[in-house]
Amino acid sequence: MRVDLTILPPPASPTRETCLVVDVLRATSVMAVLFGRGIEAVYPAATIEEGRVLRARLAADGSAPMLCGEVDALPPEGYDYGNSPGEFMRMAALPANRAVVATTNGTPALVRCASAPLVIAAAPLNAGAATRLALAAGHDVLVVCAGTAGLRSEDDRLAGGLLVARLVAAGAEPTPAAASALADFRAVATNFTAALRDSGHGRRLVALGFDSDIALCAQSDRYERAGTLRFEDGIAVLRPAEQEGMAS
Ligand code: MLT
């Protein structure tokens with residue numbers, strides 16, 4: 001098994017590799033929290049407006065999902081919640097069993113990979129669960145960094161290096177890009193929170209008062225569930241993957 005890493009979503013969806021999509025600050029970290037706290041479905045919207053439309057469509061078919069997301073890290077107008085993993089961790093209980101999530105980079109990156117045989121929303125918070133799913137599938141793996149506004153995002157590349165480390169430890173062969181991210185992650189592993197905080201997006205989050213989110217997003221293996229992407233009635237949805245012998 002080979003593991004590669006791309007610092008931005010590919011121009012077209014991979015068709016042969018398992019995609020571990022990572023947006024550590026904060027979209028796939030939020031998804032790790034939502035699945036870890038028992039949500040049944042997360043609908044990744046490619047745009048903020050699509051999120052609004054999707055929530056209305058899903059509400060018409062059943063219980064209204066939570067509408068979550070961010071523009072410039074803050075909740076868009078008309079959304080129920082922002083995109084803070086700390087906010088969802090602190091809730092006594094999640095207010096719904098489904099969520100629509102629309103963010104600037106993370107959800108578009110997931111949708112971009114939709115034709116891959118397996119797409120997993122991955123983060124340090126669920127790194128073990130996500131990488132075990134990828135290993136069990138047996139395909140080569142592409143770690144897809146969401147980036148920021150179409151540019152390399154060092155926070156995602158370092159988090160991608162953490163995911164590469166887990167796959168290499170299980171015997172995967174890294175490409176040069178994956179090996180480079182792995183080496184850079186290892187260089188900061190003992191001070192990972194500070195490394196994320198020092199990234200471009202990390203500094204923006206600190207300035208907006210989300211410093212505590214960064215410390216949460218830097219934690220490894222706090223949750224043992226990961227969402228995988230599929231289409232239902234033509235709608236992209238992530239559902240928690242069942243794992244043999246996994247504690248829920
Ligand atoms: C993103 O999509 O880049 C992130 O979700 C942004 C954020 O949550 O601040």
Side-chain angles (χ1 to χ4, degrees), residues 5-10 19-36 39 42-52 54 66-91 99-114 119-126 130 143-160 162-163 193 195-219 223 226-227 229 236 238:
L5 179 139
T6 175
I7 60 172
L8 286 173
C19 291
L20 282 168
V21 180
V22 56
D23 179 9
V24 61
L25 298 177
R26 304 166 290 180
T28 57
S29 295
V30 161
M31 293 174 188
V33 174
L34 292 173
F35 285 115
I39 207 159
V42 170
Y43 295 83
T47 66
I48 298 302
E49 182 52 31
E50 183 184 299
R52 296 190 180 99
L54 199 46
M66 301 157 66
L67 182 55
C68 320
E70 56 75 37
V71 172
D72 296 329
L74 297 173
E77 186 178 339
Y79 273 52
D80 304 321
Y81 303 97
N83 195 46
S84 166
E87 181 179 14
F88 297 114
M89 280 185 191
R90 288 188 294 270
M91 290 175 177
V100 173
V101 179
T103 71
T104 314
N105 306 283
T107 53
L110 282 160
V111 174
R112 174 70 62 78
C113 297
V119 184
I120 304 166
L125 280 169
N126 69 353
V143 176
V144 178
C145 300
T148 301
L151 299 175
R152 163 181 172 153
S153 203
E154 193 58 12
D155 51 302
D156 287 337
R157 186 173 167 274
L158 291 172
L162 182 153
L163 298 171
T193 300
L196 293 184
R197 187 179 289 121
D198 290 346
S199 69
H201 192 51
R203 287 195 297 271
R204 278 192 295 277
L205 289 173
V206 170
L208 287 168
F210 291 115
D211 187 37
S212 61
D213 270 354
I214 299 172
L216 290 173
C217 293
Q219 293 179 21
Y223 299 104
L229 189 72
L238 293 151

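Every number for a ligand or one of its atoms is a count from 1 in the order of the listing. Small disclaimer: the values here were computed from a predicted structure and weren't measured.
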Under a 4.0 angstrom heavy-atom cut-off, which atoms of ligand 1 come close to Leu205? 9 (O)
Starting from atom 8 (O) of ligand 1, find the nearest protein heavy-atom neighbour and note its residue, name and distance. Asn83 ND2, 2.6 Å
Please confirm whether Arg204 approaches ligand 1 to less than 4.0 Å, judged on its heavy atoms. no
Measure the distance from atom 3 (O) of ligand 1 to every protein heavy atom, then report the residue, atom name and distance (to 0.1 Å) of the closest one. Asn105 ND2, 2.7 Å
Nearest protein heavy atom to atom 1 (C) of ligand 1, by residue and atom, and its distance? Asp23 OD2, 2.9 Å
Using every non-hydrogen atom in the two residues, find where Ala122 and Leu20 come nearest and quote the distance to one decimal. CB-CD2, 3.9 Å
Applying a 4.0 Å heavy-atom criterion (strictly less than), which segment of Arg26 is in contact with ligand 1: side chain, backbone, both, or neither? both
How about Leu67 and Tyr43: do any of their side-chain heavy atoms sit closer than 4.5 Å? no
Spacing of CG belonging to Leu34 relative to CE belonging to Met66, to within rounding of 0.5 Å: 5.5 Å
Atom 9 (O) of ligand 1: which protein heavy atom is closest, and how many Å away? His201 NE2, 2.8 Å
Do Asp198 and Arg203 sit within salt-bridge range, that is, some charged N less than 4.0 Å from a carboxylate O? no
Of all heavy-atom pairs linking Arg197 and Val206, the shortest is CG-CG2, 3.6 Å
Quick one: does Thr104 get a heavy atom under 4.0 Å from ligand 1? yes
For ligand 1, which atoms have a heavy atom of Ala27 less than 4.0 angstrom away? 5 (O)
Between Arg52 and Glu50, is there a salt bridge with N-O shorter than 4.0 Å? no
How long is the span from the NE2 atom in His201 to the CZ atom in Arg26, to the nearest 0.5 Å? 5.5 Å
Quick one: which ligand 1 atoms are inside 4.0 Å of a heavy atom on Ala73? 9 (O)
Kindly confirm or rule out an N or O of Gly106 lying under 3.5 angstrom from an N or O of ligand 1. yes
If you define the side chain from C-beta out and look only at heavy atoms, does anything of Cys68 sit under 4.5 Å from Asn83? no
Numbered atoms of ligand 1 (with element) below 4.0 Å of Leu25, judged on heavy atoms: 4 (C), 6 (C), 7 (C), 8 (O), 9 (O)
